Amino acid sequence: MLNKEKVKLGIAPIAWTNDDLPDLGKENTFEQCVSEMALAGFTGSEVGNKYPRDVEVLKKALDLRGVEICNAWFSTFLISRPYEETEEGFEKHVAFLAAMGARVVGVSEQSYSTQGIIDQPVFEGKYEMDDREWNLLCEGLNRLGKLSKEKYGVALTFHHHMGTVVQSAVEVERMMAGTDPEYVSLLFDSGHFAYCGEDPVAMVEKYVGRIKHVHLKDIRQSIVKGVREEKMSFLAGVRAGAFTIPGDGCVDFDSIFKVLEEASYEGYMVVEAEQDPAKANPLEYAIRARKFIAEKTGL
């Protein structure tokens with residue numbers, strides 16, 4: 001069993017209100033979201049667009065519910081803009097996270113990303129970096145990670161993601177090989193590896209020593225197959241229900257949990273399953289996810 005003293009469980013607000021598709025869950029308030037997270041038995045949350053950015057206001061609301069901030073997404077543009085532009089926004093973001101008590105920041109390189117383009121098929125047209133761009137990415141991540149760790153005590157974890165320049169196993173391998181383990185770790189996302197056709201179990205086995213944050217995400221294989229065949233965009237796939245909670249799709253979580261347990265993983269495991277809340281009631285699915293994790297891990 002995973003160590004209850006070392007591993008914490010969180011859930012992302014994207015199941016209640018989707019930042020990329022604002023009409024999904026627009027009726028759900030911040031207060032409802034964090035209250036239902038707590039009701040479902042989670043103690044950690046990532047940050048959504050409806051969350052207050054005033055540290056004292058946000059802390060008070062979360063403390064009332066026994067919830068803490070564990071991470072927040074940050075978009076880098078290291079290969080398409082001057083490094084200084086990314087660093088300025090990144091430092092403000094990390095300072096906020098540190099003030100909230102978070103220990104990691106989740107970074108995704110968004111230069112030339114297709115994940116937010118509604119008419120771009122997610123399995124086509126992905127940007128491929130050349131050697132110069134790979135160097136820019138890896139050197140930039142090292143610099144950001146050094147700043148984050150040494151100034152704020154926050155670890156940079158890189159989020160591989162569908163439609164971005166680091167999506168496949170080969171790309172993750174090159175990013176990991178090109179960065180300093182002291183400053184850059186992996187945000188392991190089971191759903192994104194499965195979505196692009198990689199084996200999440202093989203990926204967690206390979207990188208478990210550098211994983212500092214985990215997204216527990218499942219996929220509905222039949223819908224992902226339809227996304228590919230019908231040339232749907234990433235966001236159209238979300239609307240269609242490509243993602244779901246762990247235990248409701250095809251990902252082998254028994255094996256993933258076993259690898260994490262044997263490696264004595266420490267940190268957060270976060271349920272991140274963006275669905276249409278009108279079709280998948282967020283509280284109901286959060287409770288189901290929490291029950292599944294308890295049954296499989298003892299947490």
Side-chain angles (χ1 to χ4, degrees), residues 1-12 37 40-47 67-73 97-98 100-108 141 145 148-149 153-161 166 169 172-173 175-177 179-195 198-219 243 245-273 286 289-299:
M1 293 294 177
L2 287 158
N3 188 337
K4 289 183 179 180
E5 304 300 314
K6 303 289 188 180
V7 181
K8 296 182 178 182
L9 296 179
I11 190 164
M37 288 175 172
F42 292 93
T43 58
S45 171
E46 299 197 348
V47 178
V67 175
E68 65 179 3
I69 294 300
C70 61
N71 173 41
W73 170 288
L97 282 176
M100 290 304 303
R103 310 313 300 163
V104 305
V105 56
V107 163
S108 176
L141 290 173
S148 184
K149 179 181 180 180
V154 173
L156 186 155
T157 64
F158 189 89
H159 190 346
H160 57 98
H161 198 287
V166 182
V172 170
E173 168 63 28
M175 184 279 298
M176 295 290 273
T179 52
D180 187 340
E182 182 75 17
Y183 301 123
V184 179
S185 301
L186 184 67
L187 189 163
F188 170 80
D189 190 305
S190 54
H192 280 281
F193 275 133
Y195 200 122
E198 306 292 1
D199 178 2
V201 178
M203 294 296 97
V204 75
E205 287 174 342
K206 185 169 187 175
Y207 299 115
V208 69
R210 278 181 75 181
I211 293 171
K212 287 197 174 176
H213 200 65
V214 172
H215 277 174
L216 301 176
K217 181 184 293 193
D218 216 333
I219 64 166
F243 293 120
I245 54 169
D248 191 42
C250 66
V251 171
D252 178 7
F253 283 99
D254 285 333
S255 297
I256 290 171
F257 290 141
K258 186 169 185 285
V259 173
L260 292 170
E261 177 189 343
E262 290 177 350
S264 300
Y265 172 76
E266 298 182 14
Y268 261 97
M269 299 195 303
V270 177
V271 174
E272 191 203 35
R290 185 66 186 84
K291 183 180 179 185
F292 174 81
I293 296 167
E295 289 172 351
K296 296 296 184 180
T297 68
L299 294 172

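Source: prediction; values computed, not measured.
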Novice: Which atom pair, heavy atoms only, marks the closest approach of A169 to E198?
Specialist: N-OE2, 2.9 Å
Novice: With a 4.5 Å cut-off on side-chain heavy atoms, are L141 and M175 touching?
Specialist: yes
Novice: Where is the tightest heavy-atom contact between I211 and Y265, given as atom of each residue plus distance?
Specialist: O-CE1, 3.5 Å
Novice: To the nearest 0.5 Å, what is the distance between OG (S108) and CH2 (W73)?
Specialist: 3.5 Å
Novice: Within this structure, what is the CZ-CD distance for the pair F253 and E295, rounded to the nearest 0.5 Å?
Specialist: 14.0 Å
Novice: Yes or no on ring pair (Phe, Tyr, Trp, His ring centres under 6.0 Å) for H159 and H215, after CA distance, side-chain angles and deciding distance?
Specialist: CA-CA 9 Å; H159 190 346; H215 277 174; 5.0 Å; yes
Novice: Measure up the Y195 and F243 rings against each other and bin them: parallel (under 30°), tilted (30 to 60°), perpendicular (over 60°).
Specialist: tilted
Novice: Kindly give the heavy-atom pair with the smallest separation between G101 and R103, and that separation in Å.
Specialist: O-CD, 3.5 Å
Novice: For I256 versus P200, what's the shortest heavy-atom pair and its separation?
Specialist: CD1-CB, 4.0 Å
Novice: What distance do S255 atom OG and D199 atom CG have between them, rounded to the nearest 0.5 Å?
Specialist: 8.5 Å
Novice: Taking all non-hydrogen atoms of both residues, which atom of N71 and which atom of L187 are closest, and how far apart?
Specialist: ND2-CD1, 4.0 Å
Novice: Carefully, step by step, assess F292 and I245 under the rule side-chain contact (heavy atoms from CB on, under 4.5 Å).
Specialist: CA-CA 9 Å; F292 174 81; I245 54 169; over 6 Å; no
Novice: T157 vs V107, test: side-chain contact (heavy atoms from CB on, under 4.5 Å). Steps then yes/no.
Specialist: CA-CA 6 Å; T157 64; V107 163; over 6 Å; no
Novice: Is K206 salt-bridged to E173, cutoff N-O under 4.0 Å?
Specialist: yes
Novice: Do T43 and V67 have side-chain heavy atoms sitting under 4.5 Å apart?
Specialist: no
Novice: Which one of V270, I11, I293 satisfies the side chain to side chain contact (heavy atoms under 4.5 Å, CB included) criterion with L216?
Specialist: I293
Novice: Give a yes or no on whether the ring-centroid distance for F193 and H161 is below 6.0 angstrom.
Specialist: no
Novice: Is there side-chain contact between M269 and L260, with heavy atoms separated by less than 4.5 Å?
Specialist: yes
Novice: Establish, from distance only, whether the side-chain atoms of Y268 and E46 form a donor-acceptor pair under 3.5 Å.
Specialist: no
Novice: Please report the interatomic distance NZ(K258) to CG(D252), rounded to the nearest 0.5 Å.
Specialist: 11.0 Å
Novice: For E68 and K8, what are the C-alpha separation, side-chain angles and deciding distance, and is it a side-chain contact (heavy atoms from CB on, under 4.5 Å)?
Specialist: CA-CA 11 Å; E68 65 179 3; K8 296 182 178 182; 3.2 Å; yes
Novice: Between H213 and F188 (judged by ring centroids, cut-off 6.0 Å), do the two rings come close enough to count as a pair?
Specialist: no
Novice: Would you say the side-chain atoms of R210 and T179 include a donor-acceptor pair closer than 3.5 Å?
Specialist: yes
Novice: Are the side chains of V166 and F158 in touch, meaning some heavy atoms are under 4.5 Å apart?
Specialist: yes
Novice: Does V154 offer a backbone N or O that forms a donor-acceptor pair with the side chain of S148 under 3.5 Å?
Specialist: yes
Novice: Please confirm whether the backbone N or O of P246 pairs with a side-chain atom of D218, one donor and one acceptor, at under 3.5 Å?
Specialist: no
Novice: Using a 3.5 Å distance criterion without hydrogens, assess whether the side chain of S190 forms a donor-acceptor pair with backbone atoms of K217.
Specialist: yes
Novice: Determine the minimum heavy-atom distance between H160 and D189, stating which atoms define it.
Specialist: NE2-N, 3.0 Å
Novice: Could you give the distance from CG (L156) to CG (L186), rounded to the nearest 0.5 Å?
Specialist: 11.0 Å
Novice: Measure the CG-NZ distance between L9 and K4 for me, rounded to the nearest 0.5 Å.
Specialist: 10.0 Å
Novice: Applying salt bridge (charged side-chain N to carboxylate O under 4.0 Å, His left out) to K149 and E182, what does each step give before you reach the verdict?
Specialist: CA-CA 9 Å; K149 179 181 180 180; E182 182 75 17; 2.4 Å; yes
Novice: The test is side-chain contact (heavy atoms from CB on, under 4.5 Å); show your working for S264 and N3 and say whether it passes.
Specialist: CA-CA 8 Å; S264 300; N3 188 337; over 6 Å; no
